[in-house]
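Here the structure is laid out as structure tokens; the discussion comes afterwards.
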Amino acid sequence: MKKIIGFCLFAVLCTGCAAHMMETHGDTIQLLHAPGEKPGKGGVVRYLNTGMESWKQARRKDAEKQMQSFCKGPYAITAEGPRSQFGAAMPIGNSVSFEVDQYTYLSFECVKQSAP
């Protein structure tokens, strides 16, 4: 039983170690844009904003690294904000503990580099 609990705890800790690219636009060159499609190139990245401060900073850095990699250069964060999401429900004795995950979402646009 202790091995199962230990494995579950390890799995939960590892799932929140990185940022996740949620949405992108502008990957391909198109002559015509579909209605509602955003112009330019950018997207949305989210990262788990709970746990120790060092974990939060590492996740933020991972999100920044993903934006930099996606844009292949500079980017600008156009919106940033928190969002809660229900996580796991864990039975503890005769009650159930509900885990609420706090995510920070970053909307970004790639910045065009000017030619020298």
Side-chain angles (χ1 to χ4, degrees):
M1 182 67 171
K2 288 183 180 180
K3 289 181 182 181
I4 293 172
I5 292 173
F7 176 75
C8 290
L9 207 85
F10 178 74
V12 168
L13 289 175
C14 288
T15 58
C17 293
H20 303 280
M21 186 74 70
M22 302 299 293
E23 169 191 329
T24 60
H25 60 270
D27 278 338
T28 59
I29 299 172
Q30 297 176 346
L31 296 176
L32 300 172
H33 291 285
E37 186 177 340
K38 300 174 186 174
K41 184 176 179 181
V44 176
V45 175
R46 78 171 186 180
Y47 64 92
L48 189 61
N49 197 20
T50 57
M52 295 189 321
E53 194 60 36
S54 61
W55 294 354
K56 294 179 197 179
Q57 291 172 354
R59 292 179 193 129
R60 173 69 182 224
K61 290 211 179 293
D62 184 52
E64 292 169 351
K65 183 178 173 183
Q66 287 187 36
M67 291 184 287
Q68 177 83 23
S69 175
F70 178 80
C71 291
K72 296 177 181 60
Y75 59 89
I77 295 174
T78 57
E80 179 175 354
R83 179 176 280 172
S84 297
Q85 179 177 333
F86 284 109
M90 299 179 70
I92 301 175
N94 293 332
S95 63
V96 176
S97 172
F98 289 100
E99 182 83 20
V100 178
D101 296 330
Q102 291 282 345
Y103 286 93
T104 296
Y105 283 73
L106 302 169
S107 178
F108 69 97
E109 294 292 326
C110 299
V111 176
K112 293 181 182 179
Q113 297 178 357
S114 58

### Query
Do any N or O atoms from the side chain of Q66 and from the backbone of V45 form a donor-acceptor pair under 3.5 angstrom?
no
### Task
Determine the minimum heavy-atom distance between D62 and A19, stating which atoms define it.
OD2-N, 2.7 Å
### Task
Sorted by first residue and then second, give each salt bridge (Lys or Arg N to Asp or Glu O under 4.0 Å) pair with at least one member in residues 64-80; sequence neighbours left out.
R60-E64, R60-E80
### Task
Enter the distance from L48:CG to Y103:OH here, rounded to the nearest 0.5 Å.
5.0 Å
### side-chain hydrogen bond (donor to acceptor under 3.5 Å, both in side chains) involving Q68 - partner list, sequence neighbours excluded
none
### Distance (rounded to the nearest 0.5 Å) between F108 CZ and F70 CZ
5.5 Å
### Query
Can you name the side-chain contact (heavy atoms from CB on, under 4.5 Å) partners of S69, sequence neighbours left out?
none
### Query
Roughly how far, to the nearest 0.5 Å, is OG1 of T50 from CZ of R59?
5.5 Å
### Query
What residues form a side-chain hydrogen bond (donor to acceptor under 3.5 Å, both in side chains) with T78, not counting sequence neighbours?
S107
### Query
From Q57 CD over to M52 CE, what is the distance, rounded to the nearest 0.5 angstrom?
10.5 Å
### Task
Report the distance from atom CE of M67 to atom OH of Y75, rounding to the nearest 0.5 Å.
4.0 Å
